[in-house]
Colleague: 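I have a structure here, written as structure tokens, and I will follow up with some questions on it.
For ligands, and for the atoms within them, numbers begin at 1 and follow the listed sequence.
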Amino acid sequence: MHFYRDNKTKHTVKNIAILASGSGSNAEKIIKHFQGSTKARIALVASNKKGAYVLERAKKLNVPSHVFSKGDLESGEFSQLLQEQKIDFVVLAGFLLQIPSNLIQAFPDLMVNIHPALLPNYGGKGMYGDHVHRAVKASGDTETGITIHLVNENYDEGKIIFQTAVAVSENDSPEQIAEKVHVLEHKYYPKIIESLI
Ligand code: GRF
């Protein structure tokens, strides 16, 4: 394990990398949560999408960012970059590519994901973003929620760390369900990450 030593505070500060493919509202909350923390800092925001809004957010918050390709991820080049940058912990926040085993092996039990539903329901390949909320709506379920879990080779099957639910009413649209889920994500994801590092 690598540590970034902050000489001013004499604390070892863990380096977190956030991987995101889209808007990055969770990434922003996590960055803000760790601003001024003596435990960890967001050392890098990385995206597989050149135009992803998460990169704008990182820039505004003065966090270094990096764009990489699916090829970089699969070849192990990206994993090497994270290790060169002395990243200790990886956070997936709306990251849409499957994580290859080279990255999982580089960060064993040190990579976490958030899923916008109560796994094992509405998980697996193709179940992301609005697909999840539309499926919840179509099912008539009276609740949904969030699942924070460790990452392994299979989509959404790593060890569950935290879940919490919110009520869904008959009249909620998939967009309204998404909004409710985002509220939970923003409230809990930064705190759960902090408890894991
Ligand atoms: C979140 O709903 C998260 O659960 C899912 O992707 C979405 C990302 O949202 N994995 P944002 O980009 O953080 O706003």
Colleague: For ligand 1, which atoms have a heavy atom of Ser25 less than 4.0 angstrom away?
Modeller: 11 (P), 12 (O), 13 (O), 14 (O)

Colleague: With nothing but distance in play, are any N or O atoms of Ala27 less than 3.5 Å from an N or O of ligand 1?
Modeller: no

Colleague: Between ligand 1 and Gly24, is the shortest N or O to N or O distance under 3.5 Å?
Modeller: yes

Colleague: Can you report which non-hydrogen protein atom sits closest to atom 9 (O) of ligand 1, along with the distance?
Modeller: His182 NE2, 3.3 Å

Colleague: Return the set of residues passing side-chain contact (heavy atoms from CB on, under 4.5 Å) with Gln85 (not counting sequence neighbours), or none when no residue passes.
Modeller: Leu44, Leu81, Ile87

Colleague: Working to the nearest 0.5 Å, report the span between OG of Ser173 and CZ of Arg134.
Modeller: 11.0 Å

Colleague: Could you tell me whether the side chain of Arg57 and the main chain of Ser23 form a donor-acceptor pair under 3.5 Å?
Modeller: yes

Colleague: Between Asn113 and ligand 1, does any nitrogen or oxygen pair lie at a separation below 3.5 Å?
Modeller: no

Colleague: Please tell me whether Tyr122 and Thr144 have a donor and an acceptor in their side chains that are separated by less than 3.5 angstrom.
Modeller: no

Colleague: Hey, can you tell me if Tyr188 and Phe162 have their rings parallel, tilted or perpendicular (30° and 60° cut-offs)?
Modeller: tilted

Colleague: Note the single closest protein heavy atom to atom 8 (C) of ligand 1, along with its residue, its atom name and the distance in Å.
Modeller: Gly94 CA, 3.7 Å

Colleague: What protein heavy atom sits nearest atom 10 (N) of ligand 1, and how far off is it?
Modeller: Ile114 O, 3.1 Å

Colleague: Would you confirm whether Lys29, through its side chain, and Lys187, through its main-chain N or O, come within 3.5 Å as a donor-acceptor pair?
Modeller: no

Colleague: Using a 4.0 Å cutoff against the non-hydrogen atoms of Ser23, which atoms of ligand 1 qualify?
Modeller: 12 (O), 14 (O)

Colleague: Report, in ascending order of atom number, the atoms of ligand 1 lying under 4.0 Å from any heavy atom of Glu185.
Modeller: 1 (C), 2 (O), 3 (C), 4 (O)

Colleague: Can you measure from CD (Gln163) to NE2 (His115) and round to the nearest 0.5 angstrom?
Modeller: 10.0 Å

